[in-house]
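Notes follow once the structure below has been shown.
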Protein chains: 2
Amino acid sequence: MSENSENKVAQHNETYKDGKPILVAVDNVIFGFDPEEEKLKVLLFQRQVEPQAGNWSLIGSFVGPDESAEFAAQRILTKFTGLKDVYLEHFQSYSEVERDPGARVISLGYYSLIRIDEQKDELVKSFNAKWFNVDEIPDLVIDHNQMVEDALHILQDDSRRKPIGFNLLPEKFTIPKLLKLYQEILQVELDDRNFRKKILSAGYLDRLDIKDKSSSKKGAYFYQFNVEKYFELIQNGYNLLLP
Amino acid sequence: MSENSENKVAQHNETYKDGKPILVAVDNVIFGFDPEEEKLKVLLFQRQVEPQAGNWSLIGSFVGPDESAEFAAQRILTKFTGLKDVYLEHFQSYSEVERDPGARVISLGYYSLIRIDEQKDELVKSFNAKWFNVDEIPDLVIDHNQMVEDALHILQDDSRRKPIGFNLLPEKFTIPKLLKLYQEILQVELDDRNFRKKILSAGYLDRLDIKDKSSSKKGAYFYQFNVEKYFELIQNGYNLLLP
DNA sequence: TCAAAAGTGTTCGGCCTACACCCATGC
DNA sequence: GCATGGGTGTAGGCCGAACACTTTTGA
């Protein structure tokens with residue numbers, strides 16, 4: 001804390017020379033949803049750098065001198081999955097002095113929502129990256145377990161208010177799958193009839209004429225997210241508000 | 001974005017040596033509420049460093065090598081207001097390459113809620129800092145106007161769900177003042193009868209036997225925030241949920 | 001006695017909850 | 001024809017929105 005006995009004017013003439021450079025990294029909690037397994041997952045890989053090389057870690061990178069943190073987060077996401085223009089959100093910063101035993105590194109936590117079906121499997125495999133169920137995350141490097149926990153909380157909060165869940169599903173999806181997804185994210189049981197009513201009454205889901213027969217004989221209608229209608233709703237102050 | 005033609009293994013063995021040091025700063029959007037004026041305010045001061053010296057700016061500082069970002073944000077808050085252990089929340093990071101014309105600086109945006117009545121006025125004045133109404137913020141340095149806007153949005157979201165408003169009021173406050181505060185934060189009109197019902201029915205406000213007669217002849221009861229009862233409620237999943 | 005702010009109560013409608021049954025189809 | 005998952009409908013209650021009147025007291 002500042003000492004009042006010091007000369008205040010001097011104190012307060014902070015210049016760029018007072019800034020001590022620090023390493024800045026991003027760590028990206030990449031969420032995916034496996035529609036067959038109906039499980040919410042996080043992409044992890046084995047850290048290559050000492051200390052703690054070989055341990056499981058979030059996908060991260062240093063922020064380069066000529067890129068924004070957001071760009072860095074997108075860059076590594078593309079590098080590992082082949083996907084571009086992905087849903088990406090900053091959720092927290094980690095700056096404890098001793099957090100990284102290798103150096104003074106501040107890390108900006110981002111989370112991403114991707115469609116697992118669109119990722120490039122060869123790429124993911126080439127980095128020895130693996131998808132883990134959110135409830136079966138192994139011990140991670142540094143404070144990455146904390147990051148996953150924080151990201152999940154924010155994801156839960158966000159998905160209660162905005163329909164971001166669609167970023168985790170294929171373009172065409174069924175209501176039962178969507179229900180399963182929300183149950184996975186929020187880790188609660190939802191009444192299927194009430195869920196269907198709520199989600200369809202808002203009007204931003206278009207029913208298609210095709211059915212998905214992969215998980216039942218009757219088949220479930222495919223739906224598609226309608227961005228235009230959704231934006232209309234937001235303007236009028238629409239809120240999902242799931243339990 | 002990464003080039004797939006490059007050797008993936010090499011790419012992926014990122015080491016600490018690849019990290020290029022960057023200046024890291026915090027900027028603190030310090031909110032206060034003047035109970036007399038009934039206005040939500042932000043503390044600003046005139047920047048001392050070129051470029052843009054003399055222009056109004058948020059209270060900020062570089063993050064030192066031996067402190068966390070949160071500590072730095074608290075440190076400058078204490079330096080300017082004399083207050084310690086203040087409500088402080090990280091809300092966004094700013095890392096565009098060209099954002100600060102003076103150097104490559106990443107800034108972590110924090111917002112604070114303080115009780116104006118507890119601040120040390122001499123300190124504030126000694127730094128030529130001034131309180132501005134949120135709807136009358138002047139042109140600020142760099143991207144600080146954006147920061148204020150972002151912080152206000154997050155504050156609105158947060159205060160709809162958690163009763164953080166109390167951090168802006170004196171220990172003892174009246175319901176009419178609390179109502180005014182919420183109207184200022186949310187920038188909406190609220191029905192006083194419904195507001196009173198909602199806020200009192202939750203049970204985390206204790207009515208005192210004294211009245212505030214400063215703004216009416218009848219006088220309004222003072223209330224006090226009851227932290228214990230509030231924590232009880234949270235455990236059971238309580239949500240404020242104001243409009 | 002009256003102006004000005006504080007405090008209380010009621011009605012209405014809508015939305016959320018809980019819950020049960022029919023539908024389509026592949027085997 | 002039956003098992004399996006998909007889809008629809010309804011009744012009840014609670015909560016939030018809208019709204020009007022009484023209370024207190026200093027001037």
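Every chain is numbered from 1 and lettered A, B, ... according to where its sequence line falls, protein lines coming before strand lines.
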- Message: How bent is the helix from C:dT1-D:dA27 to C:dC27-D:dG1, measuring the angle between the end axes built from five pairs each, rounded to 10°?
- Response: 10°

- Item | Greater than 12 external heavy atoms within 6.0 Å of A:Glu189's CD | no

- Item | Validation row, ring centre B:Phe173 to ring centre B:Tyr223 under 6.0 Å | no

- Note on the structure: Comparing A:Lys211 with A:Asn194, nearest DNA chain C nucleotide closer to 5' gives the residue A:Asn194

- Note on the structure: side-chain hydrogen bond (donor to acceptor under 3.5 Å, both in side chains) test vs A:Lys41 passes for just one of A:Asn133, A:Asp34, A:Asp135, namely A:Asn133

- Task: Rounded off to whole Å, could you give me the CZ-to-C1' distance for the A:Arg196 and C:dC19 pair?
- Result: 16 Å

- Length of the CZ-P vector between A:Phe195 and C:dT17, whole Å: 13 Å

- Query: Should B:Lys177 and B:Asp212 count as an ion pair when the cut-off is N to O under 4.0 Å?
  - Reply: no

- Message: Any N or O donor-acceptor pair under 3.5 Å from the base of C:dA6 to the side chain of B:Lys218?
- Response: yes

- Counting only heavy atoms not in B:Asp121, do more than 12 sit closer than 6.0 Å to its CG atom? yes

- Message: Nearest whole Å is fine: how far is C:dC16 P from A:Leu190 CG?
- Response: 13 Å

- Message: Students often get this wrong, so: under 4.0 angstrom with heavy atoms, is A:Asp191 touching a base, only sugar-phosphate, or nothing?
- Response: base

- Message: Let me confirm one number: the NE2-CG distance from A:His144 to A:Asp139, rounded to the nearest 0.5 Å.
- Response: 13.0 Å

- Message: Assuming nearest nucleotide by heavy-atom distance, tell me which of B:Pro176 and B:Lys197 is located more 5' along DNA chain C.
- Response: B:Pro176

- Query: Looking only at atom types and distance, does a side-chain atom of A:Arg115 sit under 3.5 Å from a main-chain N or O of A:Phe166, one as donor and one as acceptor?
  - Reply: yes

- Query: Between which nucleotides of DNA chain D, read 5' to 3', does contact with chain B run, using atoms under 4.0 Å from its heavy atoms?
  - Reply: D:dG16 to D:dG26

- Message: What is the separation between atom CG on B:Leu200 and atom C1' on C:dG9, rounded to the nearest whole Å?
- Response: 14 Å

- Message: What contact category does A:Ser215 fall into here, base, sugar-phosphate, or nothing, at under 4.0 angstrom with non-hydrogen atoms?
- Response: sugar-phosphate

- Message: On the six-membered ring of A:Tyr94, is A:Arg99 placed so that its NZ or CZ lies under 6.0 angstrom from the centre and within 45° of the ring axis?
- Response: no

